[in-house]
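Here the structure comes first, spelled out in structure tokens, and everything after it is commentary.
Note that this is a predicted model, so its numbers are computed, not measured. We number each residue from 1, following the sequence as shown.
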Amino acid sequence: MNSMYPKAGRVILHVDMNSFYASVEMAYDPTLKGKPIAIAGNPEERRGIIVTCSYEARRFGVKTTMPLWEAKRLCPQLIILRPNFERYRAASIGMFEVLNHYSDLVEPVSIDEGYMDITASDQFGTPIEVASIIQNRIKEQLDLPCSIGIAPNKFLAKMASDMKKPLGITILRKRDVPSKLWPLPVKEMHGVGQKTSEKLESMRIYTIGDLAKADTFMIKSTLGINGERLKDRANGIDSRPVDPEAAEEFKSIGNSTTLPRDISKQKELFEVLNHLAFKVSTRLKRKKVYATGISVMIRYKNRHTITRSKKIGFAIQSVEEIYNQAQPLFMKHWSGDAVRLLGITGTDLVEKGQAVKQLDLFHYEEDAKKEPLYQTIESLRKKYGSSIVDHAASLEAIQKKKANIGTSTSFNKDFLQRLKKEKE
């Protein structure tokens, strides 16, 4: 078995769930299977954009980010469902539980995809056997399809997982790059967006092979350090390790909402800001971080959008603190016109243990009253560990995670049915 694994290199898997939101809905309601379905917001609330759709819908030309009216024109029988993010998060937790069973090195990329380093997982079989076991287990337990790429590095694994969908397993070795990757249009390369592809095409670089053979100085002078990195990837070179901690490296936490109608009344806008402050505060507490900066986004009915930020002299986390910083920032830059969207973001985050509050008089008096409690909590933590006492939001998140862990029963027959009953 060891002969199937390299002595010096790595074996990386990229696991990519197929049409994730739509697949979760079909797992929850099997009567939807085989039908063209799309996940989209409420058109009356101006969220009428396709988030994702089933493969049955794609056969009619329905695509992600397509306006709902256009999707219905292409596929009149299209079944429209609103997003249920609680359902999707539960499925995601179940999926990553499966991945973590086969490797300690799992790096979540998003809610529906992640990298695995299985170089030390030879006890489970050959790389293709491990991929097959994972794919089958996710299908059996969660009733969800996925595609898996197998390669010596992250870039090639990502490119491989895109080559066969749904339910594909693709091996992409470095020696396969000239024959399998170089003929592809450069815009299909992972890491190349629309603007980058336009710049490359302006240099007469149309395929991944053109990029691989391009002059390094020319690429770097046009795209900077990213250009050199892209050229390396086009040649199958990528030294990035699978890092389980990478998902924790965040610099901001924010929430925004599109309003059900254009709002110009100050009182109503303040209520929206307070609701957003609550959401941001909850997420900060769950991540055990504080914000030392605040940002407010305002989008008007003519779609003109402004974002304004400011540094704060101390670390904040509570609803009141976030609102008290965001509200005057909003008032300073609001034109008085009707607003379509509002957003609040906590920026320049610091970890719980690093947060040092520069107290004003109000904070000093407030914290002084709580000092005996703080001292008791600190002594408990020193004696029994840092997690012995925590915020209710953090404990709630842990309890939810434990409750949502995938089991040996199928996802739609077990967890999702329980969710449905609880809501009823």
Side-chain angles (χ1 to χ4, degrees), residues 6 8-20 52 58 61 63-66 105-119 127-128 131 146-166 168-243 246-247 249 251:
R10 302 186 182 112
V11 179
I12 308 296
L13 303 187
H14 180 259
V15 181
D16 193 4
M17 305 304 291
N18 302 146
S19 190
F20 183 58
T52 190
R58 295 179 192 189
K63 299 177 182 178
T64 302
T65 72
M66 179 179 283
L105 298 174
V106 176
E107 178 183 334
V109 178
S110 66
I111 192 172
D112 64 342
E113 63 175 312
Y115 292 103
M116 300 175 65
D117 187 330
I118 62 165
T119 310
I128 196 165
C146 70
S147 291
I148 301 178
I150 307 173
N153 61 53
K154 292 168 77 172
F155 169 73
L156 293 179
K158 169 64 177 175
M159 293 297 294
S161 69
D162 285 336
M163 289 181 173
K164 187 180 179 183
K165 292 185 176 182
I169 295 177
T170 305
I171 299 174
L172 186 59
R173 302 175 179 86
K174 202 169 179 181
R175 64 175 178 265
D176 300 324
V177 169
S179 61
K180 293 186 177 181
L181 287 192
W182 284 1
L184 298 177
V186 72
K187 63 183 178 183
E188 292 186 17
M189 178 176 164
H190 176 58
V192 175
Q194 183 178 347
K195 291 184 178 179
T196 301
S197 67
E198 289 173 357
K199 289 180 180 179
L200 290 170
E201 288 173 2
S202 70
M203 294 185 284
R204 297 185 179 180
I205 295 173
Y206 303 105
T207 67
I208 296 178
D210 292 338
L211 177 58
K213 301 166 188 173
D215 179 72
T216 302
F217 178 78
M218 178 183 69
I219 293 293
K220 195 172 180 180
S221 63
T222 304
L223 299 177
I225 189 66
N226 189 49
E228 188 174 4
R229 188 180 298 118
L230 287 174
K231 182 182 175 180
D232 283 344
R233 305 273 166 83
N235 282 289
I237 301 168
D238 181 8
S239 61
R240 295 173 299 161
V242 173
D243 181 7
E249 294 177 3
K251 295 181 180 179

Exam field: side chain Lys231 to backbone Lys213, donor-acceptor pair closer than 3.5 Å: no
Polar side-chain atom of Asp210 near backbone of Thr207 as donor-acceptor pair, under 3.5 Å: yes
Side chain to side chain contact (heavy atoms under 4.5 Å, CB included) evaluation trace for Phe20 with Ile111: CA-CA 9 Å; Phe20 183 58; Ile111 192 172; 4.1 Å; yes
Atom pair CG/CE of Leu211 and Met189 - distance to nearest 0.5 Å: 5.5 Å
Close side-chain approach of Met116 and Leu105, heavy atoms under 4.5 Å: no
Nearest heavy atoms of Lys164 and Thr170, plus distance in Å: CB-OG1, 3.8 Å
Check: Trp182 side chain, Ala234 main-chain N or O, donor-acceptor pair, under 3.5 Å: yes
Backbone of Ile237 reached by a side-chain donor or acceptor of Asn235 within 3.5 Å: no
Atom of Arg173, atom of Pro152 and distance for their closest heavy-atom approach: CA-CD, 4.4 Å
Intermediate values then yes/no, salt bridge (charged side-chain N to carboxylate O under 4.0 Å, His left out), Asp162 and Lys165: CA-CA 7 Å; Asp162 285 336; Lys165 292 185 176 182; 3.2 Å; yes
Neighbour count above 12 (heavy atom, 6.0 Å) for Glu198 CD: yes
Ring pair (Phe, Tyr, Trp, His ring centres under 6.0 Å) against Tyr115, all qualifying residues, sequence neighbours excluded: His14
Exercise: do Asp176 and Ser179 side chains pair donor with acceptor under 3.5 Å: no
Minimal non-hydrogen separation, Pro178 against Pro183, with atom names: O-CD, 3.6 Å
Point-to-point distance, once rounded to the nearest 0.5 Å, from SG of Cys146 to CD of Glu113: 12.0 Å
Backbone N/O of Ser147 and side chain of Asp16: donor-acceptor pair under 3.5 Å: no
Between CD1 on residue Ile128 and CD1 on residue Ile148, distance to nearest 0.5 Å: 10.0 Å
Candidates Leu172, Ile169, Leu156 - the one meeting side-chain contact (heavy atoms from CB on, under 4.5 Å) with Ile150: Ile169
Ser161 side-chain N/O to Lys158 backbone N/O, donor-acceptor pair under 3.5 Å: yes
Side chain to side chain contact (heavy atoms under 4.5 Å, CB included) between Leu230 and His190, worked out: CA-CA 9 Å; Leu230 287 174; His190 176 58; over 6 Å; no
Side-chain ion pair, Asp238 and Lys154, N-O less than 4.0 Å: no
Side-chain donor/acceptor of Glu107 to backbone N/O of Asp243, under 3.5 Å: yes
Nearest-0.5 Å distance that lies between atom CG in Leu200 and atom CD1 in Ile219: 5.5 Å
Gap separating the NZ atom of Lys199 from the CE atom of Met203, nearest 0.5 angstrom: 9.0 Å
Chi angles and distances behind the side chain to side chain contact (heavy atoms under 4.5 Å, CB included) call for Phe155, Leu181: CA-CA 11 Å; Phe155 169 73; Leu181 287 192; 4.0 Å; yes
Spacing of Arg10 atom CZ and Asn153 atom CG [to the nearest 0.5 Å]: 8.5 Å
Nearest heavy atoms of Thr119 and Gly9, plus distance in Å: CG2-O, 3.7 Å
Any donor-acceptor N/O pair, Thr196 side chain to Val192 backbone, under 3.5 Å: no
